[in-house]
Amino acid sequence: MEQLGLSEQEIIRREALQELINLGIDPYPAEEYPVNIHTSDIIEQFEDGVENEKLQNVCISGRIMSRRIMGNASFAELQDSKGKIQLYFKRDDICPGEDKTMYNVVFKKLLDIGDIIGVKGFVFRTQMGEISVHVKEFKVLCKSLRPLPIVKEKDGKVFDAFTDPEQRYRQRYVDLIVNPQVKDVFIKRTKIINTMREFFNERGYLEVETPILQSIPGGAAARPFITHHNALNIPLYLRIANELYLKRLIVGGFDGVYEFAKDFRNEGMDRTHNPEFTVLEIYVAYKDYLWMMNFTEEMIEKIALALHGTTKVQYGDNIIDYKRPFRRITMYDAIKEYTGYDIEGKSEDELRQICKDLDIETDPSMGKGKLIDAIFGEKCEHNFIQPTFIIDYPVEMSPLTKKHRSKYGLTERFELMVNGKELANAYSELNDPIDQRHRFEEQLRLSQRGDDEAMYIDHDFLRALEYGMPPNSGMGIGIDRLTMFMTNSQSIQDVLFFPQMKPEKKSEVFDEKVFIEMGIPEDWAKVLIKAGFNSVTQLKQTSVGKLHQILCGLNKKHKLGLKNPSVDEVDQWIKS
RNA sequence: GACUGAUUAGCUCAGCAGGUAGAGCACCUGCCUUUUAAGCAGGGGGUCCGGAGUUCGAGUCUCCGAUCAGUCACCA
């Protein structure tokens, strides 16, 4: 009965699976396969006319990606984790004796594109000049029951590429199999993280883990995901940031702590936002934001070099140069540069007027900080394509940042802009507990004014500050965005293995029980559903003769092997 | 959440001005012992996203819904 839901090709593959079993071949063997080399190594190491012992006896495994069968000889492409190589199968080499089953039946009939096999043989170059493995023996390692999308390629040109975004993201495993460039992005992503980790570890900073379930979602302003702890009977939030916990560790006496953290924000999704995302946050004691700027530059330059061997990286139409030093400009100068307005010392009302003049929408809940942020966001941010540090943010926008050492009303904060987007954010951290309390209270006032993004007050964090937190500087950088920039990916979905999607539409299963209860045998009930009957009324509206025809037809078509009912029987089913 | 567009075979896509649903690859049968987007000759395969409507007749027109994508809104 199971063939009812399957395509023709899937049925054929299941039949092949059964035939393999009938031949005594285990399509899913348990034992280790003694692979001794990767495809890419073979291609690198092969030299014409050079006797290479290792290549005389290779043992590789992977997935069959294409087959070209030509009578008693065949070619196939095998793909492993590192690449692809062509295989050459010759009937009389595979089957030296009388019995040609392994070639004629197993290889030619029962194997398919997508199957995973292991082969042993020697490396040679074909007349057409392609380095190939001449197969002496092969072994089925895993039978594939679903046909893969077929992607063909010639001279670097790809035909029938598997491009549908929905399928690529939902079935990333398929995407990874047939689109080799995809793998590359994720390898780079890991390389970015490893480069950063090394950079921090070299300096003696400690990688730590802090809570993801928090009772106060602090450290940033964003709507959280809420969950519930049954045993404690309290709400818990998935963290929107880990900043306040890392600072507690600085209070505790560590010189430098960092965490690659999954954060969660219950907000819109688009090309640059996913509800869960990864941020690196690092805090270093006794440093300030000027030090942190140099540190950040050095780190990013190093990443670019590690990935590309150069500081110049293509992103869309632009070439971004991550060579140190990056441009630095204050937020006020940036606003002056792009709007002509000098907002230094302006009151909230004056700022509101400027917004109006600049055609920027405001609402009454917006304080000075938000107004300035709106001007910057609307008029300036997108202009900073090359890496640029925007420094000295207004105090109202930065409730966790130390006041500027010399400029009144500002804080010691920078954001790194690249490609017109925020990439990193850093401060000289506020360690004055009394000031911190005032800032939180100010946030509370904003929230009472209707700003639903103002920060929550975390009293335990304030208590920690009261014990004394050494001066320090912290920096956060979005790993997903950094990966996008470093791999020329235009969508965050391309740098996440499994981007958030709406749940797959479950095919509406009309319960066959309803038919069974009418007295229809279970097998035939399933056939009826296959035939598209989803309700009793629908069934009763169909003439008995037609129904009988449909049922017998499907039975034959799908080779179900059921005994056809008589017209009278069918009549009784729908009469009841 | 709003607007626009997409949804047809396993995959990539055609399909008109309503009239029995098409191609290439994949699949099946046969031929072919160094091919390569292999080739040659045959063949099967579709709830045209779902539902309702208009019509003698809907993949095609109208409405409702689902999913995806893009833009915007939201998002320091």
Side-chain angles (χ1 to χ4, degrees), chain A residues 6-13 15-16 65-77 84 86-93 103 109 112-114 124-130 132 134 144-170 174 178 220-223 240-241 265-275 277 331 361 369-370 372-374 376-377 381 390 393-394 396-401 413 415 422 425 451-455 476 490-491 493 501-508 529-534 557:
Chain A
L6 299 176
S7 71
E8 184 193 25
Q9 292 193 42
E10 288 173 298
I11 292 167
I12 289 166
R13 283 181 180 227
E15 286 167 0
M65 297 305 285
S66 72
R67 296 199 302 163
R68 291 181 283 280
I69 294 175
M70 317 176 315
N72 293 331
S74 301
F75 292 90
E77 266 183 305
K84 281 186 198 173
Q86 179 169 264
L87 304 179
Y88 176 60
F89 291 80
K90 198 164 147 187
R91 186 190 62 193
D92 297 337
D93 284 347
Y103 181 79
K109 302 286 178 209
D112 288 291
I113 290 175
F124 74 112
R125 190 187 285 278
T126 66
Q127 286 177 7
M128 297 301 288
E130 181 155 347
S132 309
H134 188 125
S144 161
L145 297 182
R146 272 179 196 264
L148 282 172
I150 304 295
V151 180
K152 298 223 173 186
E153 196 192 324
K154 189 190 187 180
D155 303 330
K157 234 176 127 179
V158 177
F159 299 82
D160 298 333
F162 178 65
T163 51
D164 179 43
E166 174 167 9
Q167 291 201 72
R168 284 187 51 221
Y169 300 145
R170 281 197 201 282
V174 175
V178 305
R223 272 187 290 274
I240 54 174
R265 295 187 184 177
N266 204 343
E267 279 155 4
M269 289 162 59
D270 60 29
R271 227 173 49 248
T272 57
H273 296 87
N274 195 65
F277 59 103
M331 172 165 259
E361 265 187 62
K370 280 226 146 189
I372 294 171
D373 189 48
F376 181 79
E381 193 171 283
I390 309 297
Y393 281 60
E396 295 86 350
M397 306 167 57
S398 313
L400 302 169
T401 314
R413 169 178 182 180
E415 285 195 358
E422 174 195 345
N425 182 17
D451 182 347
D452 59 356
E453 285 155 11
M455 285 189 193
Q490 305 302 315
S491 165
Q493 297 177 109
M501 309 276 282
K502 279 197 202 172
E504 231 171 316
K505 165 180 71 171
K506 47 175 179 276
S507 52
E508 206 175 299
I529 284 168
K530 168 70 181 174
F533 289 97
N534 288 320
K557 181 174 164 194

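Chain A is the first sequence line, chain B the second, and so forth, proteins listed ahead of strands; every chain is numbered from 1. Keep in mind the model is a prediction, meaning the values are calculated, not measured.
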Between [N] and [M], how far is it from one [atom1] atom to the other, in whole Å?
N	M	atom1	answer
B:U8	B:G45	C1'	14 Å
B:A73	B:A66	P	24 Å
B:A38	B:G24	C1'	15 Å
B:G15	B:U7	P	10 Å
B:A6	B:G50	C1'	16 Å
B:A14	B:G46	P	22 Å
B:U4	B:U62	P	13 Å
B:C48	B:U33	C1'	44 Å

Dot-bracket encoding per residue of RNA chain B, Watson-Crick/G-U cut-off under 3.5 Å, | denoting interstrand: (((((((..((((.....[..)))).(((((.......))))).....(((((..]....))))))))))))....

Closest non-hydrogen atom pair between A:Gln86 and A:Thr126, with its separation: NE2-CG2, 3.7 Å

With A:Pro149 via side-chain contact (heavy atoms from CB on, under 4.5 Å) - residues at least two apart: A:Phe162, A:Val174, A:Val178

Nearest-0.5 Å distance that lies between atom CZ in A:Phe376 and atom CD in A:Glu415: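 Here the rounded value is 7.0 Å.
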
Nearest-0.5 Å distance that lies between atom CG in A:Asn425 and atom OG1 in A:Thr401: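 So the gap between those two atoms works out to 7.5 Å.
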
Among [options], which is the nearest nucleotide to the side chain of [X]?
X	options	result
A:His273	B:U34, B:C75, B:C11	B:C75
A:Gln86	B:U34, B:U36, B:U12	B:U36
A:Thr163	B:U35, B:A76, B:U12	B:U12
A:Asp270	B:C74, B:A76, B:U33	B:C74

Mind checking [X] for me? I need base, sugar-phosphate or nothing, with any heavy atom below 4.0 Å counting as a touch.
X	value
A:Arg271	sugar-phosphate
A:Gln493	sugar-phosphate
A:Pro399	base
A:Phe124	base
A:Glu10	nothing
A:Asn425	nothing

Side-chain-base donor-acceptor pair under 3.5 Å for A:Glu166 and B:U67: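 Under the 3.5 Å cut-off, the side chain and the base do not form any donor-acceptor pair.
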
Any A:Arg68 side-chain N or O less than 4.0 Å from OP1/OP2 of B:A38: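 For B:A38, OP1/OP2 do have a side-chain N/O of A:Arg68 under 4.0 Å.
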
Contact check, side chains of A:Met501 and A:Arg170, non-hydrogen atoms, under 4.5 Å: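 A:Met501 reaches A:Arg170 side chain to side chain.
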
Min side-chain heavy-atom separation A:Val151-A:Val158 under 4.5 Å: yes

In whole angstroms, how far is the [atom2] atom of [N] from the [atom1] atom of [X]?
X	N	atom1	atom2	answer
A:Lys157	B:U12	NZ	P	18 Å
A:Met269	B:G70	CE	C1'	14 Å
A:Arg223	B:A73	CZ	P	15 Å
A:Met397	B:C75	CE	P	13 Å
A:Asp164	B:G70	CG	P	12 Å
A:Gln127	B:A38	CD	P	18 Å
A:Lys154	B:A38	NZ	P	9 Å
A:Lys84	B:A37	NZ	P	13 Å

Heavy-atom protein contacts under 4.0 Å, nucleotides 22-32 of chain B, coded B base, S sugar-phosphate only, - none: --BSBS-SS-B

ring-ring contact (aromatic ring centres under 6.0 Å, His included) partners for A:Phe89, two or more places apart: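 For A:Phe89, the residues satisfying ring-ring contact (aromatic ring centres under 6.0 Å, His included) (neighbours in sequence not counted) are A:Phe107, A:Phe138.
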
Set of residues satisfying ring-ring contact (aromatic ring centres under 6.0 Å, His included) with respect to A:His134, sequence neighbours excluded: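 Listed in chain order: A:Tyr88, A:Phe122, A:Phe124.
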
Without swapping roles, check the side chain of [X] against the backbone of [Y] for a donor-acceptor pair under 3.5 Å.
X	Y	answer
A:Glu396	A:Lys370	no
A:Arg67	A:Ile113	no
A:Arg413	A:Met397	yes

Contact nearer the 5' end of RNA chain B, comparing A:Ala161 with A:Arg125: A:Ala161

Nearest-nucleotide 5' precedence on RNA chain B, A:Asp155 against A:Glu422: A:Asp155

Residues in side-chain hydrogen bond (donor to acceptor under 3.5 Å, both in side chains) contact with A:Arg265, at least two apart in sequence or another chain: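 Checked A:Arg265 against side-chain hydrogen bond (donor to acceptor under 3.5 Å, both in side chains); zero matches.
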
